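Take a look at the structure set out below.
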Amino acid sequence: MADPRQATGSGALETCCLERILEALKLLLSPGGSGSSSLQITKHDVLLATLKSNLSAVEDKLLKDPHWKTLKLLRDEIANKAEWPQNSVDVTWSFTSQILLWLLCLKETMIHLAADFNPGKSNPRTPEAAPALSPDTLSISQQKTVQSVLQFVVTLGVCPYLMPGVGVPLRYRTEFGAVVQDVVCLDAAPDATRRLYTSCRVLLNVAQHASLGSLIFCRHFGDIAAGLCQLGFCPTKRKPLKPEEEVLTEEERALSREALRDILNQIYQPLAVRELLTLQGGPPQAFTDVKTQVRSRAPAWLRRLCGQLLSERLMRPSGVQAVVRGILEGAGAGAAGGHDAEATAADWKKCDLIAKILASCPQQSLSPEDYYRDICPQILDLFHFQDKLTARQFQRVATTTFITMSRERPQLAAKYLLQPMLAPLHRCLNTAEIPESDMVPGTILVTEEELSRCIEDVFKVYVVGNEPSAVLVDSLLPVLGVLFSLYCFTRQSVSHIRSLCEEILLWILGKLERKKAIASLKGFAGLDKSMPSLHSLCHFRAATQGGVMVTIKEPICDEDEDEALYQKVSSEQWQVEHLGDLLSLCQECGLAGDFFIFCLKELTHVAEENEAEFKMKPFSSKSLLELAQHHTLLVEGQEQKLLVLQLVAVLCERMSEQIFTNITQVVDFVAATLQRACASLAHQAESTVESQTLSMSMGLVAVMLGGAVQLKSTDFAVLKQLLPLLEKVSNTYPDPVIQELAVDLRITISTHGAFSTEAVSVAAQSTLNKKDPEGKTEGQRQTSHERSTGVSRSHLEQQQSHEKSNQTGLKSNTPLIPQEVSEPNATTNQKSRNITTEQLQEVLLSAYDPQIPTRAAALRTLSRWIEQRQAEALEMQEKLLKIFLENLEHEDTFVYLSAIQGVALLSDAYPEKILLGLLTQYDSGKDKHTPETRMKVGEVLMRIVRALGTEEKAEPGNAQPATLLRQSALYSSASTSQSFHQECPNLPWALLVKKISPYC
């Protein structure tokens, strides 16, 4: 008769129910009679009693319950095949051994159920119906049971037998773990190492089933890996053991090493990286309790092993991504981002840690160059993730890694990181060799995706990283010309890379040395032809996704030469204008001011050139080739000069008054102006523009010396650079006023401001008036004037000077200066060019133009003529007043403010005639005019009475003219009205106006 186990073995596997096995596992995990719902809070004796009770309960069930007979046969069959000792004096091992047997039973049953499953064909009438589940599929409750069983196996069969420093100690995990650590008997047979080997091998056997393997490795991979590391790599005693005393054979150790590498290759790589880092010595983020501070340090052999295994993970395909994910997900970011991902992305310390890991060449690599060749493409791929949350983390890591590698190994970083990243831009340089196969017109040399990705990567590395290392800056210099051309092209249309190009250019111009930055700007403007630029055969084209691509141009026919010339000129003009826009954003750092001074110096070189250079020598002295070359050089020279003029014009238009940021720039500007004036004098090419520019620049120096800027001794050292030029101007310039001012400026600079003539003060005040005609308040102007002249005068002298200024044509609200100082300004005003009747009529017609800019400009022009006391304009004062008053009712702010200024200036010239009419119009216009118009008239009145002066006490023996008294009364009344309006806003202002009227 055959053995009953052999006769029923195969049948048992077929008929054993999956539910019965799970019921047996539940019975093993039942809490027993402790009266508690959880084993975690039991003590040593209760735990041991519960384990014994549960083992006895399962055995009784197998013997007494007939429905469990088949299950008992299966269990016995698996137990007979098992090669490990299943019984022990130590109850914990006996319990663990039985659980391992039941797990093997579960695996075999699930395999047979899946093999016998034959799903029927799906019904085509109901294709939306879900397919039938495989019978080996575990429900959620069954998965929880299996997870609890696995937790017991790892807690009782793996963790207690790990050496100190290998893995996280059991007592530091949970309170139940601490109890288990104390109840395990390590002296009882079998040996602790044999127990560890058995548990790991059985768990790996069970993990061969896919669904069971996911449950095992998802939570217990780290503990299993720690056990395999100890089994396969822990050094043994040097003295060879006897065969009967040897716990593990060499074959078993080799199997452990092979099993470790297999599961490392099969597992989710970021999980493997995270667990290896934990084994190497860093505690996992979940265990941040103070207890973890006393855990033993990982032994040296384990640290070396984990480092080697981590390097192998890194060298695998997509290894960089695995390492990055492993560290970031271990930090709490989660596999798909998680709620802590944003905080993780902002943590630069973790990014620095990953960057140092990636930048360090492992020992397994043959050479650093081989390592960089394999790793750098993966680092570039970190920039290109589509998921926004993941992309933020990876991009920061990639940026930091870029910077770290560039700092540690600049040559390798330039070769394997920067060159591949900038390859699309290098491909379309004029220094690049385009293959003949790509020279067909219309061929796409750089696709939209390549160019967009390149610009985005450059932005992330340079602007976001913000590390101006030499290798990063030098690698970007050759492609700046193409980058600027791309920026100019994107300014002509809508493109998502426009702002990126602008930020990159601003960053590199700000980080470059000033000389290199100026040289780059010269190349952008076309003044430096040696700068690499876009290939002559290439041009940019708008792409379908809002980006740009580079294609080969169509050949130019002879008939299209005019069109090609037009496109060339237009392109150059666009580049100059866009360069001006770019420089307008560089004013704070001083680059715009330095480049403007450079352009002025180039303008001076243009003035210094001799006209004889443009005259060709006799034909007999040159060959035709030399003549052609000479002609080409002349044309190029003329183009350069026109380009310089255009640059200066654009910069003057685009730049604000804050273009100069320090004294040195102002001095350089003045020096360039003086040099150009001297050059013009040398060629007898003096012009009105040159004279005005010279006066303005010298006035600027006078303003600085007059106290507008607090000068230091170092500033005077810079100003002394102007002394030779001022001396040359004083000796050669024909205008005696400028000669005298140049001499006085030399004296003031040489004495560090200790001595200053009145001419310097007048020039400073004149410059300030031109800069701000609306001006400061009366007190501010008086304070500035007293500081610049350094002379104290009585109020009577100031009033006399004020009357003199009115007679000579200065505004009544200009600073009060002595009579003898006002005379040169009067002379200057008399020299102003008179206007013609035709010009006046044309401007009067423009004052009614429907176009707002034209109308406002006409009103401003009329105001300027009134201020200059032009006879043609003053003769038509009534008509001008009518025009200004009519424009007061205009709704545009620029128009009615220009009209207010005009009425105020006209009243300044004829106060007795104009002011009374305005007061009458304000008082009687309640029903005729809107409140807005009356408010505008009130604004005019307030400006007028403020400009007429303050009331002063009459000194004994000096009679005050009636005009001054009336003006003072008006000013006092205006000030009183303003105070009353602030205190009593509901008081009618017209009542106070009636009080003012009799004084007119």
Side-chain angles (χ1 to χ4, degrees), residues 422 424-432 445-446 448 450-452 454-456 458-459 462-463 476-510 512 517-543 545-553 563-587 591-592 595-596 599 639-640 642-651 653-655:
L422 299 173
L425 297 177
H426 282 283
R427 207 179 306 161
C428 51
L429 280 174
N430 57 357
T431 56
L445 194 61
V446 181
E448 177 188 10
E450 288 178 326
L451 191 57
S452 299
C454 172
I455 297 300
E456 291 171 358
V458 171
F459 176 80
Y462 287 84
V463 181
L476 195 59
L477 284 178
V479 297
L480 281 184
V482 176
L483 197 60
F484 179 74
S485 300
L486 178 61
Y487 166 73
C488 295
F489 180 81
T490 57
R491 289 293 302 270
Q492 302 170 27
S493 60
V494 178
S495 177
H496 64 275
I497 64 175
R498 179 200 301 175
S499 60
L500 301 180
C501 294
E502 181 179 287
E503 292 292 336
I504 295 169
L505 290 172
L506 291 176
W507 183 89
I508 189 66
L509 291 175
L512 282 174
I518 296 295
S520 300
L521 293 174
K522 288 171 57 180
F524 294 165
L527 295 175
D528 185 6
K529 301 297 182 181
S530 63
M531 181 179 184
S533 58
L534 186 66
H535 200 286
S536 59
L537 297 178
C538 301
H539 70 147
F540 296 111
R541 285 181 53 189
Q545 301 298 323
V548 180
M549 57 184 177
V550 182
T551 60
I552 301 297
K553 288 182 180 180
E563 179 67 21
L565 180 61
Y566 171 76
Q567 291 181 359
K568 179 178 180 297
V569 174
S570 300
S571 176
E572 292 177 351
Q573 183 177 359
W574 287 341
Q575 286 192 352
V576 171
E577 292 179 355
H578 296 324
L579 179 60
D581 295 336
L582 191 66
L583 283 173
S584 65
L585 304 174
C586 300
Q587 297 186 80
L591 178 60
F595 186 68
F596 182 65
C599 293
E639 289 180 353
Q640 292 283 94
L642 292 175
L643 187 57
V644 171
L645 291 173
Q646 185 182 8
L647 268 175
V648 173
V650 169
L651 292 177
E653 180 182 356
R654 295 288 198 278
M655 299 298 110

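FYI, the numbering just counts along the sequence from 1. Values below: every heavy atom of this structure, side chains too, minus hydrogens, waters and symmetry copies. In this text, all values refer to a predicted model and were calculated from it rather than measured experimentally.
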- Query: Can you tell if the side chain of H539 reaches within under 4.5 Å of the side chain of T551, non-hydrogen atoms only?
  - Reply: yes
- With D528 via salt bridge (Lys or Arg N to Asp or Glu O under 4.0 Å) - residues at least two apart: none
- Note on the structure: Here the gap from L585 atom CG to L591 atom CG, rounded to the nearest 0.5 Å, amounts to 11.0 Å
- Is there a donor-acceptor contact under 3.5 Å from the side chain of E503 to the main chain of L500? no
- Note on the structure: Taken in chain and number order and not counting sequence neighbours, the residues that satisfy side-chain hydrogen bond (donor to acceptor under 3.5 Å, both in side chains) with H578 are none
- Could I get the full list of salt bridge (Lys or Arg N to Asp or Glu O under 4.0 Å) partners for E456, not counting sequence neighbours? none
- Pairwise side-chain contact, V550 with V482, heavy-atom cut-off 4.5 Å (strictly under): no
- Message: Show the nearest heavy-atom pair for residues H496 and S452, with the distance to one decimal.
- Response: NE2-OG, 3.7 Å
- Can any side-chain N or O of Q545 pair as donor or acceptor with the backbone N or O of E448 at less than 3.5 Å? no
- Message: Looking at every non-hydrogen atom in both residues, tell me the closest pair between G580 and L651 and how far apart they are.
- Response: CA-CD2, 4.5 Å
- Query: Heavy atoms, side chains only, cut-off 4.5 Å: are L643 and Q646 in contact?
  - Reply: yes
- Message: Please check this pair: side chain of T490 against backbone of S495, looking for a donor-acceptor N/O pair closer than 3.5 Å.
- Response: no
- Message: How long is the straight-line distance from CZ of F524 back to CG of L521, given to the nearest 0.5 Å?
- Response: 6.5 Å
- Please tell me if the side chains of L505 and L480 come closer than 4.5 Å, counting only heavy atoms from C-beta onward. yes
- Start with the C-alpha distance between I508 and L483, add both sets of side-chain angles, then the distance that settles side chain to side chain contact (heavy atoms under 4.5 Å, CB included), and finish with yes or no. CA-CA 11 Å; I508 189 66; L483 197 60; 6.0 Å; no
- Query: Below 4.5 Å, heavy atoms only, C-beta onward: do L486 and L451 meet side chain to side chain?
  - Reply: yes
- Short side-chain to backbone donor-acceptor contact, N430 and S533, under 3.5 Å: yes
- Could you give the distance from CG (L509) to OG (S520), rounded to the nearest 0.5 Å? 6.5 Å
- Message: Taking the side chain as everything from C-beta on, heavy atoms only, tell me whether L527 gets closer than 4.5 Å to L647.
- Response: yes
- Task: Go through the structure and list residues passing salt bridge (Lys or Arg N to Asp or Glu O under 4.0 Å) with E450, not counting sequence neighbours.
- Result: R427
- Do V463 and L506 pass the side chain to side chain contact (heavy atoms under 4.5 Å, CB included) test, and can you show the C-alpha distance, the side-chain angles, and the key distance before you say yes or no? CA-CA 9 Å; V463 181; L506 291 176; over 6 Å; no
- Message: Is there a side chain to side chain contact (heavy atoms under 4.5 Å, CB included) between C488 and F484? Walk through the geometry before answering.
- Response: CA-CA 6 Å; C488 295; F484 179 74; 3.5 Å; yes
- Query: Quick one: does Y487's side chain get under 4.5 Å of L582's, heavy atoms only?
  - Reply: yes
- Query: With R498, which residues qualify under salt bridge (Lys or Arg N to Asp or Glu O under 4.0 Å), at least two apart?
  - Reply: none
- Query: Quick one: does L425's side chain get under 4.5 Å of V446's, heavy atoms only?
  - Reply: no
- Query: For the atom pair CH2 (W574) and CZ (F489), what is the distance rounded to the nearest 0.5 Å?
  - Reply: 9.5 Å
- Item | Working for side chain to side chain contact (heavy atoms under 4.5 Å, CB included), residues K553 and C538 | CA-CA 6 Å; K553 288 182 180 180; C538 301; over 6 Å; no
- Message: Taking side-chain hydrogen bond (donor to acceptor under 3.5 Å, both in side chains) as the definition, give me every residue that meets it alongside Q492, ordered by chain and number, with sequence neighbours left out.
- Response: none
- Query: Can you tell me how far the SG atom of C428 sits from the CZ atom of F540, to the nearest 0.5 Å?
  - Reply: 5.5 Å
- CG of L583 to CE of M655, rounded to nearest 0.5 Å, is 5.0 Å
